[in-house]
Protein chains: 2
Amino acid sequence: MAATLKDVALAAGVSIKTVSNVINDYQHIRADTKQRVMEAISELGYSPNLSARSLRSGKTGVIGLAVPELSLSYFAELADSIIKAAERRGLKVLIEQTGGDRAHELEILSSPRLQMTDGLLFSPLGMSNEDAHHLNVNFPLVLLGERIFGGPTDHVTMSNVESARAATAHLISKGRRRIAVVGGHEGEVIGSAGLRLRGYQQALEEAGIPFDPSLVGYTTFWHRANGATTMKALLESGVEFDAMFGMNDTLALGAMRVLQEAGRRIPDDVAVIGFDDLDEGRYSLPTLSTIAPGRDEIADTAVRVLQERISGPDSDVPPREFEAHFQVIERESSALPG
Amino acid sequence: MAATLKDVALAAGVSIKTVSNVINDYQHIRADTKQRVMEAISELGYSPNLSARSLRSGKTGVIGLAVPELSLSYFAELADSIIKAAERRGLKVLIEQTGGDRAHELEILSSPRLQMTDGLLFSPLGMSNEDAHHLNVNFPLVLLGERIFGGPTDHVTMSNVESARAATAHLISKGRRRIAVVGGHEGEVIGSAGLRLRGYQQALEEAGIPFDPSLVGYTTFWHRANGATTMKALLESGVEFDAMFGMNDTLALGAMRVLQEAGRRIPDDVAVIGFDDLDEGRYSLPTLSTIAPGRDEIADTAVRVLQERISGPDSDVPPREFEAHFQVIERESSALPG
DNA sequence: AGGCGAGTCTACAACGTTGTAGGATGAGCG
DNA sequence: CGCTCATCCTACAACGTTGTAGACTCGCCT
C-alpha cells in the first residue's frame, strides 16, 4: 500500500540506500540526484515506516507518561504541559492511567506494557517509599510527584515543604492564627500530604503559633467531595479557625463550598489558600489564592532529563533530584489588609 | 541487551519459530516442549520486541487521539474515558494536542506524524464543515465532536440539538420564559454552538415562547473567562432574564460567578443549566444542573468503531454516524418547584 | 506392505529501514 | 602518466518477528 524506500528508489533510478541517505541528510549527494529523489518522494507520497526505523535504531521517539487519572485536573494540566514539552523535543507521548492503584503501578513497571516507548515518566500515587526498589528497572525512568524520595532514579518534584510553608505564612501575614488544614493523611511523613503538613508546621513554628492537631482535617483522597466532607467534619467538631489551607485546589474548592453553605464569609471569616494553581480557581467565587507549583518547569525538566537518560551513556550519572520553583498567588480568598 | 527469540530458542533447544509459536498460542506443540520454552522465557526475562512485531504485522496496537487541549476539562475527561475504553480492547493511546488550531489540525491529517498508530480519533475544533474533504485520508479515522457533519468518515457525536432542547425545556418546566444563552457563535449553523442554539430555539418554539436574539450572549472561546465576560455583557445590556443556558459547564460556571457578584440568586432569580457534566459542577456553589452527554458511550463507541475500521475489510462499509444518549441532570442551580 | 493424515517441528524469506564496506568516478598533484 | 584522495553511490547484512512450505514421525487404514 504505502510507498517504501524501494518504490522511491525505483522511481528515482537510484539505490535504496541513496534514498535513505537523502532522507537522513547525508552530506555527499549530488544536487541533481537529491532533487530527483525528492521529487520521487513527493510524487509517491512516501513517508518512512516508523516501525522499521524503530527496529533498526532501537528508538521509538515515544515516551510513556503514567498518571493516576486525567480526570483529576492536576494531572490533566500536567499531561498538557508534558505533551507540549515533549513536542518541543520531537517526542510523542503515550499515556497510561494507573488509577492511583499500587498494584497497577507495579504492573506497569514490571510488565512489558510500555515496550513501545523509549522511557517513562512515572507519577505514582499508590506506591510508597518502601516500594522504591521497584523503580530499579532496566529502562529510562524519571519519577514525578512526592510519593517516593531517595529512589534509584532521577526525580522531579515540587518544593512541597517550602511552598506549603509559604502558603501558611501568607495566611499568617494576613493576621490569621487559627489555620485549619484540609487534606492530611494520617501518619504520613513522605507524600504530598506529609510534606505539606510539615511546611505548615514549620510556618507556625516560625510565627510562634502552637500546632493544634484538632485543626487538621484528614481524608484519604483529594477529590472535591473529600474537601467538602472533611470541612463538614471540621465544622461539626466545633473547632474554631479563621483560615484554611487546602492541600490542593480541588480540596480547597470543595471545602469553600461547605464553608459558604455554613454561612462563613471568605475571606472575612475564613481566609483560604489552596495548592496547584488550577485554572478553575481563577473563576471560582471567590477566586482562590494558591501555590503555583511550577508545572511547566516540572514538565520541561522531566522531559529533558528523561531524554538525557535515553540517549546518554548508561548510568554513570547518579540519580538526581530536581525541585521546581513555586509562587504564592494571592486572589480574593485571602485578600485582606496584610 | 534484551533477550530475543533467538536467545530463548537456544536456551530451550528448539527453533526460533517454535518459540514464536509458543508465544502465539499455536495449537500443535507437545506439552513438554511448551514447558521447556516457557521456562527459558521466564528465565531470560524475554519479552517480544514490539517494533519488530509491528514491522511484520503492520499493526502497532496504538491509536492516536487528537484533541485541542487536555487542560480543557471536557477533553481531559474525554481522554480519560477513551484511554479506559482502549485499554479494555488491548490498545494504547498516544495523545496529540492541536490547540484547536485549524492549521495544526490539518497538519496532523496530512503529515506522517501519527505513523506510529493504527488509526486516529480526531476531535477538531478549528476546522469547519468546508474542511470535510481533508478527512479523506488513507488511514482509519474516526471523527469526534460537532464541527463537521456528513464527512467521509465514521463520526461519533453527542445529541446536541435534542439535548440542548431538553436543557431548555427543563428550564421552561421550571416556569422560566426569559432564558439567556451563554456561548453562541455568531452565524454558526453546524458546531456545538450552532446545534445547541438550534435545540434552544426548538424548545422555545414548542413552548410558544418567541425567540429574542438579545438574550443570546456570543463568545469565541468556551473558557471560564469567556463565560464571565459574556455574562457581564448581558447584564450591562440591561436585557431581562430569569434563566440561563450555558453552552457548556465551564461557561456556565464562569457566568454564575458574575451573576452572583451582581447579586442575583441562583436559582431563585436566575435558574442555570450547563452542558457536559463536568465533575466540577458537582461541587460548585450552587451545584450545577447540566446535560450528561454520554461521555463513556462516546468513548466506547469511538474506540470500537475505530478498531473495526482498523481490522475490518476496506471501506465496503459506508461512513456511519453515532449519537450518544444524553441525560438531563438536575442539581441546585435549577432546583425549583416544577 | 504401502499410503495417508494428523501432529510436531524447522528452515527460509520477508516486513522496511540503516550501518558497513567497498566500488566507481574524477580532480589534484608529483 | 600514475597515484592519492575526496566525493558519490551501491550491495549486502542486520534489527526481531511471523507466514509459508515442507520435513519428519507416528498410528491407522486399506
Side-chain angles (χ1 to χ4, degrees), chain A residues 1-41 44-62 112 114-118 138-139 310-311, chain B residues 1-41 44-62 112 114-118 138-139 310-311:
Chain A
M1 195 93 288
T4 72
L5 281 185
K6 207 169 138 190
D7 302 323
V8 177
L10 207 66
V14 294
S15 80
I16 293 182
K17 190 63 220 277
T18 299
V19 181
S20 170
N21 284 339
V22 169
I23 290 166
N24 294 288
D25 273 331
Y26 180 68
Q27 301 249 342
H28 305 300
I29 305 176
R30 272 212 316 267
D32 63 325
T33 314
K34 190 163 178 170
Q35 168 104 20
R36 235 172 341 128
V37 171
M38 297 287 245
E39 276 164 14
I41 285 177
L44 295 172
Y46 167 81
S47 77
N49 178 314
L50 299 191
S51 294
R53 200 175 259 186
S54 298
L55 176 57
R56 252 325 304 221
S57 67
K59 300 258 180 301
T60 63
V62 178
L114 288 170
Q115 266 277 359
M116 293 237 89
T117 63
D118 295 336
N138 60 354
F139 53 86
I310 289 171
S311 56
Chain B
M1 195 94 290
T4 72
L5 282 185
K6 206 168 139 191
D7 303 322
V8 177
L10 206 67
V14 295
S15 78
I16 293 182
K17 189 65 222 274
T18 299
V19 181
S20 170
N21 284 338
V22 169
I23 289 166
N24 294 286
D25 273 330
Y26 179 69
Q27 301 249 343
H28 305 301
I29 305 177
R30 271 211 319 263
D32 63 324
T33 313
K34 190 164 179 169
Q35 169 104 17
R36 240 175 332 132
V37 171
M38 298 288 245
E39 277 164 14
I41 285 177
L44 295 173
Y46 168 81
S47 77
N49 177 312
L50 299 190
S51 295
R53 198 173 260 185
S54 298
L55 176 57
R56 250 331 297 225
S57 68
K59 300 259 181 302
T60 62
V62 178
L114 287 170
Q115 266 277 356
M116 292 237 89
T117 63
D118 295 337
N138 60 355
F139 54 85
I310 288 170
S311 55

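Heavy atoms only: backbone and side chains are in, while hydrogens, waters and symmetry mates are out. If you're wondering where the values come from, they're calculated on a predicted model, not measured in any experiment. Throughout, a chain's letter reflects where its sequence line sits, starting with A, and its residues are numbered from 1.
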Peer 1: B/Lys17 has an atom NZ; how far is it from atom C1' of D/dT18, in whole Å?
Peer 2: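 Answer to the nearest Å: 5 Å.
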Peer 1: At what distance, to the nearest 0.5 angstrom, does NZ of B/Lys17 lie from CG of B/Leu5?
Peer 2: 10.0 Å
Peer 1: May I have the distance from A/Asn24 (atom CG) to C/dG19 (atom P), rounded to whole angstrom?
Peer 2: 7 Å
Peer 1: Where is the tightest heavy-atom contact between A/Thr60 and B/Met116, given as atom of each residue plus distance?
Peer 2: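 Heavy atoms only, the tightest pair is O-SD, 3.5 Å.
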Peer 1: Would you compute the distance between atom OG1 of B/Thr117 and atom CD1 of B/Ile310 and round it to the nearest 0.5 angstrom?
Peer 2: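 Those atoms lie 8.0 Å apart.
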Peer 1: Nearest whole angstrom, please: distance from the P of C/dG23 to the NE2 of A/His28.
Peer 2: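 One finds 19 Å between P of C/dG23 and NE2 of A/His28, rounded.
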Peer 1: Tabulate atom names and distances for all N/O pairs under 3.5 angstrom spanning the protein and nucleotides 23-26 of chain D.
Peer 2:
none

Peer 1: Can you find a pair of side-chain heavy atoms, one from B/Leu10 and one from B/Asp7, that are under 4.5 Å apart?
Peer 2: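 Contact flag for B/Leu10/B/Asp7 side chains = no.
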Peer 1: When you check the phosphate oxygens OP1 and OP2 of D/dT17, does a side-chain N or O of B/Ser20 lie under 4.0 Å from one of them?
Peer 2: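 For D/dT17, OP1/OP2 do not have a side-chain N/O of B/Ser20 under 4.0 Å.
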Peer 1: What's the CG-C1' distance between B/Leu50 and C/dC15, to the nearest Å?
Peer 2: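 B/Leu50 atom CG is separated from C/dC15 atom C1' by 16 Å.
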Peer 1: Is A/Tyr26 near enough to D/dT10 that one of its side-chain N or O atoms lies under 4.0 angstrom from OP1 or OP2?
Peer 2: no
Peer 1: Just call it for A/Thr33: base, sugar-phosphate, or nothing, with non-hydrogen atoms closer than 4.0 Å on any strand.
Peer 2: sugar-phosphate
Peer 1: Pick the nucleotide of DNA chain C nearest each of B/Lys34 and B/Leu55; which residue has the one closer to the 5' end?
Peer 2: B/Lys34
Peer 1: Shortest non-hydrogen contact from A/Lys34 to A/Ile29?
Peer 2: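 Closest approach of A/Lys34 to A/Ile29: N-CG2, 4.0 Å.
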Peer 1: Please report, rounded to the nearest Å, how far the C1' atom of D/dT17 is from the CG atom of B/Asp7.
Peer 2: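 Whole-Å distance recorded here is 13 Å.
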Peer 1: Considering only side-chain heavy atoms of A/Ile16, which listed nucleotide, C/dC9, C/dT18, D/dC8, is closest?
Peer 2: C/dT18
Peer 1: Would you say A/Ser15 reaches D/dT10's phosphate, i.e. side-chain N/O to OP1/OP2 under 4.0 Å?
Peer 2: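 So the side-chain polar atoms of A/Ser15 do come within 4.0 Å of the phosphate oxygens OP1 or OP2 of D/dT10, strictly under.
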Peer 1: Heavy atoms only: give me the nearest A/Tyr46-A/Ile23 pair and the separation to one decimal.
Peer 2: CE2-CD1, 3.4 Å
Peer 1: Using every non-hydrogen atom in the two residues, find where A/Gly13 and A/Arg36 come nearest and quote the distance to one decimal.
Peer 2: O-NH1, 4.2 Å
Peer 1: Give the rounded distance in Å between these two atoms: CG of B/Asn49 and P of C/dT17.
Peer 2: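 One finds 17 Å between P of C/dT17 and CG of B/Asn49, rounded.
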Peer 1: Can a side chain N or O of B/Thr18 be found less than 4.0 Å away from OP1 or OP2 on C/dT8?
Peer 2: no
Peer 1: B/Arg56 side chain: which of C/dT17, D/dT17, C/dT8 is closest?
Peer 2: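 Among C/dT17, D/dT17, C/dT8, the one nearest the side chain of B/Arg56 is D/dT17.
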Peer 1: Please report the distance, rounded to the nearest Å, between CD in A/Gln27 and C1' in C/dG19.
Peer 2: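 Rounded to the whole Å, the gap is 17 Å.
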Peer 1: Taking only side-chain nitrogens and oxygens of B/Arg53, does any of them come within less than 4.0 Å of OP1 or OP2 of D/dG16?
Peer 2: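 For D/dG16, OP1/OP2 do not have a side-chain N/O of B/Arg53 under 4.0 Å.
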Peer 1: Please state how far atom CG in A/Asn21 lies from atom P in C/dT20, giving the value in whole angstrom units.
Peer 2: 13 Å
Peer 1: Search all heavy atoms of A/Leu55 against all heavy atoms of B/Ser51 and return the closest pair with its distance.
Peer 2: N-CB, 3.8 Å
Peer 1: Which part of the nucleic acid, if any, lies within contact of B/Ile29, taking any heavy atom under 4.0 Å across all strands shown: a base, the sugar-phosphate backbone alone, or nothing?
Peer 2: sugar-phosphate
